[in-house]
Amino acid sequence: QVQLVESGGGSVQAGGSLRVSCAVSGYISSSHCMGWFRQAPGKERDWVAAIYTGGGATFYADSVKGRFTISQDNAKNTAYLQMNSLKPEDTAMYHCAAVSGVGYCYEPGSVDFYNYWGQGTQVTVSS
């Protein structure tokens with residue numbers, strides 16, 4: 001059973017930085033796609049970023065490009081999302097997701113592409 005556990009959320013002022021982590025436990029293929037999504041109250045879950053662990057290819061939503069960086073530590077089986085220049089509109093619950101046994105992040109922005117999800121970690125950015 002694959003489990004994803006997020007950590008590292010918190011509160012920060014606009015312009016600040018946070019790094020959230022996603023630890024993966026259980027068996028997952030060495031090459032898989034990891035994604036980050038976020039959901040604000042009353043809104044749909046929006047895709048933020050994704051990384052293919054097999055080669056390191058990364059993908060970003062336009063809203064975070066240049067500000068957020070996704071990375072993966074294969075030895076620790078942990079994905080990270082470094083968030084810089086945070087804005088109040090970045091406030092949301094951040095969820096990581098994974099899909100195993102794929103050759104690439106074919107649909108990195110699709111909720112339905114992923115088959116494992118974490119419970120989320122709250123990020124709050126104040127103005």
Side-chain angles (χ1 to χ4, degrees):
Q1 180 74 12
V2 175
Q3 289 189 319
L4 308 181
V5 179
E6 301 94 336
S7 61
S11 297
V12 66
Q13 289 192 325
S17 299
L18 277 176
R19 188 178 79 160
V20 291
S21 303
C22 175
V24 181
S25 62
Y27 176 75
I28 194 167
S29 59
S30 58
S31 296
H32 54 274
C33 185
M34 294 289 301
W36 284 96
F37 289 75
R38 64 187 181 187
Q39 188 167 20
K43 295 190 176 181
E44 292 186 352
R45 189 167 293 192
D46 290 332
W47 171 63
V48 176
I51 185 167
Y52 179 62
T53 65
T58 57
F59 312 84
Y60 295 95
D62 288 342
S63 59
V64 306
K65 203 170 292 184
R67 299 188 298 124
F68 291 11
T69 302
I70 189 171
S71 61
Q72 170 81 12
D73 186 331
N74 290 331
K76 296 182 178 180
N77 227 0
T78 299
Y80 303 96
L81 185 68
Q82 176 67 43
M83 303 180 288
N84 299 328
S85 302
L86 282 161
K87 305 174 181 179
E89 51 263 43
D90 294 318
T91 295
M93 183 73 76
Y94 281 72
H95 299 267
C96 64
V99 53
S100 183
V102 294
Y104 201 60
C105 290
Y106 294 110
E107 297 178 73
S110 171
V111 170
D112 295 333
F113 179 59
Y114 300 90
N115 49 16
Y116 302 108
W117 289 86
Q119 292 298 308
T121 184
Q122 178 68 37
V123 171
T124 302
V125 185
S126 58
S127 58

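From Gln72, atom CD reaches atom CG of Asn77 across 6.5 Å, with rounding to the nearest 0.5 Å. In this structure, OG1 in Thr124 is found 13.0 Å from CD in Gln13, a value given to the nearest 0.5 Å.
Not a single donor-acceptor pair under 3.5 Å links the side chain of Tyr104 to the backbone N or O of Ala57. Here the side chain of Glu6 pairs no donor or acceptor atom with the backbone of Val20 at under 3.5 angstrom. At least one donor-acceptor pair under 3.5 Å links the side chain of Trp47 to the backbone N or O of Ala49. A distance-only check finds no donor-acceptor pair linking the side chain of Ser100 to the backbone of Ile28 [under 3.5 Å]. Ser29 contributes a side-chain N or O that, together with a main-chain N or O of Gly101, makes up a donor-acceptor pair within less than 3.5 Å.
When the options Ile51, Thr69, Asp73 are evaluated for a side-chain contact (heavy atoms from CB on, under 4.5 Å) with Tyr80, the one that passes is Asp73.
Here the side chains of Glu107 and Val99 are not in contact, with every heavy-atom distance at 4.5 Å or above. Residues Pro108 and Trp36 fail the side-chain proximity criterion, which asks for heavy atoms closer than 4.5 Å.
Note: Tyr94 and Phe68 have tilted aromatic rings, judged against thresholds of 30 and 60 degrees for the angle between ring planes.
Ion pair Lys87/Asp90 not flagged as a salt bridge, since none of the NZ, NE, NH1 or NH2 atoms sits closer than 4.0 Å to an Asp/Glu carboxylate oxygen.
Judged by a 6.0 Å distance limit and a 45° cone about the ring axis, Arg45 is not positioned over the six-membered ring of Phe37.
Residue Glu89 places its CD atom among more than 12 non-hydrogen atoms of other residues, nucleotides or ligands, all under 6.0 Å distant.
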